[in-house]
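We're numbering straight along the sequence, starting at 1. Model, not experiment: these values are computed from the prediction.
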Amino acid sequence: MDLAAVATELYGLPPSEFTSARNEKARAARSAGESLVAKQIGRLPKPSAAAWAANLLARHRPDEVDRVLDLGAELRTAQELLDSDTIRRLGPERQRLVTAVVREGRALARDFGGSVSEAAATDLEQTLRAAMADPDAAAAVRSGQLIRALASNGIDPVDLTDAVAVPGSLPEAVKQEAPARTATADGARPASRDAEARRRAEAEREKERERDREHARAELAEAEQTASAAEAELADAEASAAEVTARQRDLTGQLAELKERLAALEGEVAAVEREAGYAERTRKLAARVAEQEQRAVRLARERLDRLS
């Protein structure tokens with residue numbers, strides 16, 4: 001399961017559906033055996049209203065977003081070249097375009113069952129202006145994974161810390177370089193103010209990547225510890241199962257012996273019962289003979305008495 005694709009899908013949903021959809025995605029990843037991805041999905045935070053509106057624009061109105069960001073690139077070039085005429089010309093166009101796109105973002109939010117308050121609309125406008133001023137912020141807006149609004153002071157790179165759901169999934173920002181100008185009298189060209197910004201942005205991205213690596217290492221250590229504990233539990237369970245199996249075999253053997261002994265005893269009982277029946281019949285016969293002999297004795301005694 002691709003974390004960036006899941007994040008892009010989740011951050012295009014209405015805020016009211018975000019939490020349940022995120023939990024369902026995490027359960028699906030866990031069921032598929034992707035426990036690390038499941039944890040990462042489960043940690044994805046709910047976006048702010050302004051960030052959600054920006055994500056909707058990136059997802060459903062990419063052409064309009066591109067118009068805003070392309071105009072921003074033109075303005076950066078004009079500023080780098082100190083082209084005041086172009087800056088004055090593009091200033092009103094920037095305001096008109098940003099206002100129109102903010103209005104479209106609020107309309108999209110309503111279409112998707114949400115709303116963007118005046119305060120959130122102001123944050124959305126600031127986010128678009130920040131994306132116009134900084135190519136990395138522009139890449140963040142285009143990703144459709146914004147978590148919070150962005151802001152720019154017009155000088156320093158835009159702070160993107162904890163602003164994008166999956167920072168490592170962002171493509172390298174495309175920085176529009178200023179066209180070459182005619183050399184000045186001393187043969188020098190204007191210094192690029194974007195160069196230092198690019199260096200600082202790259203340093204920030206490297207810090208973000210290192211934070212991601214540290215996070216991944218921590219999760220790996222946790223996963224290994226959990227796996228080790230699970231293996232120990234498995235060994236204990238297997239030992240217990242082996243002990244129970246041995247006990248079962250022993251009892252089964254004892255039961256077989258008892259059944260065999262019972263069968264033998266039942267045979268002996270049957271034989272004794274047959275002998276008892278024979279003995280009882282013999283006793284009854286002997287009793288009848290003895291009774292007959294006793295009667296003969298009485299008769300002989302009576303005859304003798306009469307003869308006397």
Side-chain angles (χ1 to χ4, degrees), residues 1-62 65-66 69 105 108-109 112 114 123-124 126-128 130-131 134-152 157-175 198 200-223:
M1 186 175 291
D2 183 69
L3 178 61
V6 171
T8 300
E9 179 182 347
L10 290 176
Y11 285 100
L13 296 175
S16 60
E17 300 176 13
F18 178 86
T19 301
S20 60
R22 177 196 62 194
N23 295 343
E24 180 59 32
K25 291 288 186 183
R27 281 194 294 271
R30 195 174 300 109
S31 298
E34 300 182 70
S35 58
L36 179 58
V37 176
K39 289 181 180 179
Q40 291 172 327
I41 293 174
R43 295 191 183 108
L44 292 175
K46 188 175 180 179
S48 69
W52 174 56
N55 294 335
L56 286 179
L57 286 167
R59 187 184 183 100
H60 300 283
R61 299 292 186 272
V65 171
D66 285 343
L69 301 182
L108 268 176
F112 280 84
D123 288 341
L124 176 57
Q126 292 301 316
T127 296
L128 293 175
D134 186 303
D136 293 311
V141 169
R142 282 191 171 104
S143 74
Q145 299 179 26
L146 278 185
I147 297 172
R148 62 170 177 81
L150 306 179
S152 172
V158 174
D159 180 13
L160 297 177
T161 305
D162 297 329
V164 181
V166 188
S169 69
L170 294 182
E172 184 72 16
V174 179
K175 300 174 179 64
R198 287 196 295 272
R200 284 183 291 181
E202 177 57 32
E204 183 60 33
R205 284 195 297 273
E206 180 55 33
K207 289 181 182 178
E208 181 66 30
R209 286 192 289 267
E210 181 57 29
R211 285 194 291 269
D212 288 343
R213 286 192 291 269
E214 285 295 328
H215 182 65
R217 283 192 285 267
E219 288 191 332
L220 174 60
E222 180 184 352

What is the distance from atom CG of Asp136 to atom CG of Asp159, rounded to the nearest 0.5 Å?
11.5 Å
Which heavy atom of Ala38 sits nearest to which heavy atom of Arg30, and what is that distance?
CB-N, 3.7 Å
I need the minimum non-hydrogen distance between Gly42 and Ala26, along with the two atoms involved.
N-CB, 4.2 Å
What's the shortest heavy-atom distance between Ala131 and Ala138, and which atoms?
O-CB, 3.4 Å
Rounded to the nearest 0.5 Å, how far apart are OH of Tyr11 and CG of Leu56?
13.5 Å
Tell me which pairs pass salt bridge (charged side-chain N to carboxylate O under 4.0 Å, His left out) where either residue lies in residues 2-18, with sequence neighbours left out.
Glu9-Lys25
Can you list the residues that meet the side chain to side chain donor-acceptor pair (under 3.5 Å) rule with Arg61, with sequence neighbours excluded?
Glu104
Identify the heavy atoms of Ala4 and Val166 that sit nearest to each other, and give their distance.
CA-CG2, 4.1 Å
For Thr8 and Gln145, the nearest pair of non-hydrogen atoms, with its separation, is OG1-NE2, 3.3 Å
Testing the basics here: between Val158 and Ser152, what is the closest heavy-atom pair and its distance to 0.1 Å?
CG2-CB, 3.8 Å
With the side chain counted from C-beta on, respond yes when Val164 and Leu146 share a heavy-atom pair under 4.5 Å apart, and no when they do not.
yes
Listing, residues 46-54 side-chain donor-acceptor contacts under 3.5 Å, not counting sequence neighbours, or none:
{"from": "Lys46", "atom 1": "NZ", "to": "Pro15", "atom 2": "O", "distance (Å)": "3.4"}
{"from": "Ser48", "atom 1": "OG", "to": "Ala51", "atom 2": "N", "distance (Å)": "3.2"}
{"from": "Trp52", "atom 1": "NE1", "to": "Leu13", "atom 2": "O", "distance (Å)": "2.7"}

Heavy-atom check, side chain of Leu57 versus side chain of Leu108, under 4.5 Å
yes
Side-chain contact test, heavy atoms from C-beta onward, threshold under 4.5 Å: evaluate it for Leu150 versus Val141 and give yes or no.
yes
Please report the C-alpha distance between Asp66 and Arg142 in whole Å, then the side-chain angles of each, then the deciding distance to 0.1 Å, and finally whether the salt bridge (Lys or Arg N to Asp or Glu O under 4.0 Å) criterion is met.
CA-CA 8 Å; Asp66 285 343; Arg142 282 191 171 104; 2.9 Å; yes
What distance do Thr161 atom OG1 and Ile147 atom CD1 have between them, rounded to the nearest 0.5 Å?
11.5 Å
In Å and rounded to the nearest 0.5 Å, what is the CG to CG distance from Leu3 to Leu10?
9.5 Å
d(Leu69 CG, Leu128 CG) to nearest 0.5 Å is 7.5 Å
